[in-house]
Amino acid sequence: MSWTWIGHCHTRHSFDSLTEPADLVRSAVAPGAQVLAVTDHDSWQGSVDARAAAEREKLDLQVVLATEASTEQGDVIGLFLTSDLRERSAPAFCDAVHAQGGLTLLPHPYKWHTLDEALLSRIDLIEVHNGRTPRLDNIRATELAFRRGTPELAGPDAHGLGELGLARVVFEGERPRDEAALKKAL
C-alpha cells in the first residue's frame, strides 16, 4: 500500500501560470496523486480554489492550503496554512507559518536564495529534487538536507499541466486521513 504526494504546483493565481485550479486537481488525480500542495506565488488563493474544486467534483484528493512566498532571501513555501500570509522577511514568514501550525519548505535552495542560519533553522523540509532545477543544484540541495538532518521532498514546480509529472513522492503505507497525520508523515 502506498500514497502519492505532488507538491509545488501553480495555478492562474501565480503571475507565471495560466492553469485553472479545477484543471489542476483533475490532472493530479489522473496519474494517481492522493495529496496535492498548490503553492502559488504570494497567494494561497489557488490552493483554496483547488480544494473547493476537488470537493465539488468529489475527487479523492487532499489539497494542502499553501503559498510560495517571495521573501528577501528567496522563495519559501508555507504548507497547511489557515490564512494567507504576506510577510516578506524569510524568518518572519517561517515564524508566521509555524504560528498557524504549518510547515515550511525550502524550494530549490540554490536558485535565487540567500541561505543563512536564521532561515535554515526555521525550515522543516527541503526540496531536494525540483523538476525545473538543474541536476547539480538538486544534488547540492540533497547534500544540504543531509548535513542539516532535514526531511526531504521532491516537487515538479509545475506552472503548467504538462509539468505535473516532473516529480512526485510515493510514500509507503496507508495515506494519512487528516492534516495532523499528514504533517507527521512529511
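Sparse packing is recorded around CG of L18, with 12 or fewer heavy atoms of other residues, nucleotides or ligands lying under 6.0 Å away. Counted within 6.0 Å of CZ on R177, heavy atoms from surrounding residues, nucleotides or ligands total more than 12; the atom is thus considered enclosed.
Residues I77 and H8 are in side-chain contact: their nearest non-hydrogen atoms beyond the backbone lie under 4.5 Å apart. Between L115 and L144 there is a side-chain heavy-atom pair separated by less than 4.5 Å. The side-chain heavy atoms of D124 and L105, taken from C-beta on, include no pair separated by under 4.5 Å. Side-chain contact between V48 and L65 is present, with heavy atoms from C-beta onward closer than 4.5 Å. With contacts defined as side-chain heavy-atom distances shorter than 4.5 Å, the pair H13/D49 qualifies. Contact of the C94 side chain with the V76 side chain is registered, since non-hydrogen atoms from C-beta on lie closer than 4.5 Å. Between W5 and L36, the closest side-chain pair of non-hydrogen atoms is not below 4.5 Å. Put simply, the side chain of I6 reaches to within 4.5 Å of the side chain of L164, judged on heavy atoms.
Shown here for P156 and A167, the closest heavy-atom pair between the two residues is CD-O, 3.4 Å. A141 and V128 get closest at one heavy-atom pair: O-CG1, 3.7 Å. Residue R51 comes nearest to V64 through the heavy atom pair NH2-CA, 4.4 Å, listed as atom of the first residue, atom of the second, then distance. Across all their heavy atoms, Q73 and A90 have their closest contact at OE1-CB, 3.7 Å. For the residue pair L106 and L119, the shortest heavy atom distance occurs at CD1-CD2, 4.3 Å. What you find for H113 and D75 is that their closest heavy atoms are NE2-O, 2.6 Å.
Distance CZ/R147 to CD1/I126: 8.5 Å, rounded to 0.5 Å. Rounding to the nearest 0.5 Å gives a distance of 8.0 Å between CD of E143 and OH of Y110. To the nearest 0.5 Å, atom CG of residue D95 and atom OG of residue S89 are 8.0 Å apart. Between the CG atom of L125 and the OG1 atom of T150 there is a distance of 8.5 Å, given to the nearest 0.5 Å.
A donor-acceptor pair under 3.5 Å links the side-chain atoms of Q100 to the main chain of T82, judged by distance alone. Distance alone, capped at 3.5 Å, is enough to place a donor-acceptor pair between the T67 side chain and the S43 backbone. Without hydrogens or angle criteria, D84 side chain to W44 main chain gives a donor-acceptor distance under 3.5 Å. Within the 3.5 Å criterion, the main-chain N or O of A96 finds no donor-acceptor partner in the side chain of H98. Under the 3.5 Å distance criterion, the side-chain polar atoms of K111 are left unmatched by any main-chain donor or acceptor of P134. Side chain of E127 to backbone of H108: a donor-acceptor contact under 3.5 angstrom is found. Listed for the Q34 side chain is a donor-acceptor partner under 3.5 Å among the backbone atoms of G32. Side chain of R88 to main chain of T71: no donor-acceptor pair is present (N/O by atom type, distance under 3.5 Å, no hydrogens or angles). The main-chain N or O of A181 is found under 3.5 Å from a side-chain atom of D178 such that the two form a donor-acceptor pair. A donor-acceptor pair under 3.5 Å links the side-chain atoms of D42 to the main chain of S70, judged by distance alone.
Linking ILVMFWY residues whenever their side-chain heavy atoms come closer than 4.5 Å, directly or via other members, places L61 and L161 in the same cluster. Both V35 and L79 sit in one connected hydrophobic cluster of ILVMFWY residues. Membership requires side-chain heavy atoms under 4.5 Å apart, directly or through other members. In terms of hydrophobic clustering, with Ile, Leu, Val, Met, Phe, Trp and Tyr side chains grouped at heavy-atom distances under 4.5 Å, L153 and F80 are assigned to a common cluster. Hydrophobic clustering of Ile, Leu, Val, Met, Phe, Trp and Tyr side chains at less than 4.5 Å, counting indirect connections, unites F93 with I123.
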(Q) What verdict does the side chain to side chain contact (heavy atoms under 4.5 Å, CB included) test give for V38 and L24, after you've listed the backbone C-alpha separation in whole Å, the side-chain angles of each residue and the deciding distance to 0.1 Å? (A) CA-CA 9 Å; V38 179; L24 180 64; 3.8 Å; yes

Q | side chain to side chain contact (heavy atoms under 4.5 Å, CB included) between L186 and F171, worked out | A | CA-CA 9 Å; L186 293 176; F171 289 87; 3.8 Å; yes

Q: Go through E117 and R122 one step at a time and tell me if the salt bridge (Lys or Arg N to Asp or Glu O under 4.0 Å) criterion holds.
A: CA-CA 8 Å; E117 191 57 29; R122 291 170 166 87; over 6 Å; no

(Q) If you apply the rule side chain to side chain contact (heavy atoms under 4.5 Å, CB included), what do you find for R148 with L120, and how did you get there? (A) CA-CA 9 Å; R148 297 195 63 84; L120 292 172; 3.5 Å; yes

Q: Show your working on side chain to side chain contact (heavy atoms under 4.5 Å, CB included) between H129 and N138 and close with a plain yes or no.
A: CA-CA 5 Å; H129 177 83; N138 284 333; 3.5 Å; yes

Q) Under the side-chain hydrogen bond (donor to acceptor under 3.5 Å, both in side chains) criterion, do R175 and Q62 qualify, and how do the steps go? A) CA-CA 10 Å; R175 178 177 106 195; Q62 285 177 262; 3.0 Å; yes

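F15 pairs by the ring pair (Phe, Tyr, Trp, His ring centres under 6.0 Å) definition with H41, not counting sequence neighbours.
Aromatic ring pairs are classed by plane angle as parallel below 30°, tilted from 30° to 60° and perpendicular above 60°; the pair H10 and H159 is parallel.
In summary, the side chains of S2 and E172 do not present any donor paired with an acceptor at a separation below 3.5 Å, with no hydrogens or angles considered.
Here the options are D40, T39, T19, the test is side chain to side chain donor-acceptor pair (under 3.5 Å), and the partner is S14; only D40 passes.
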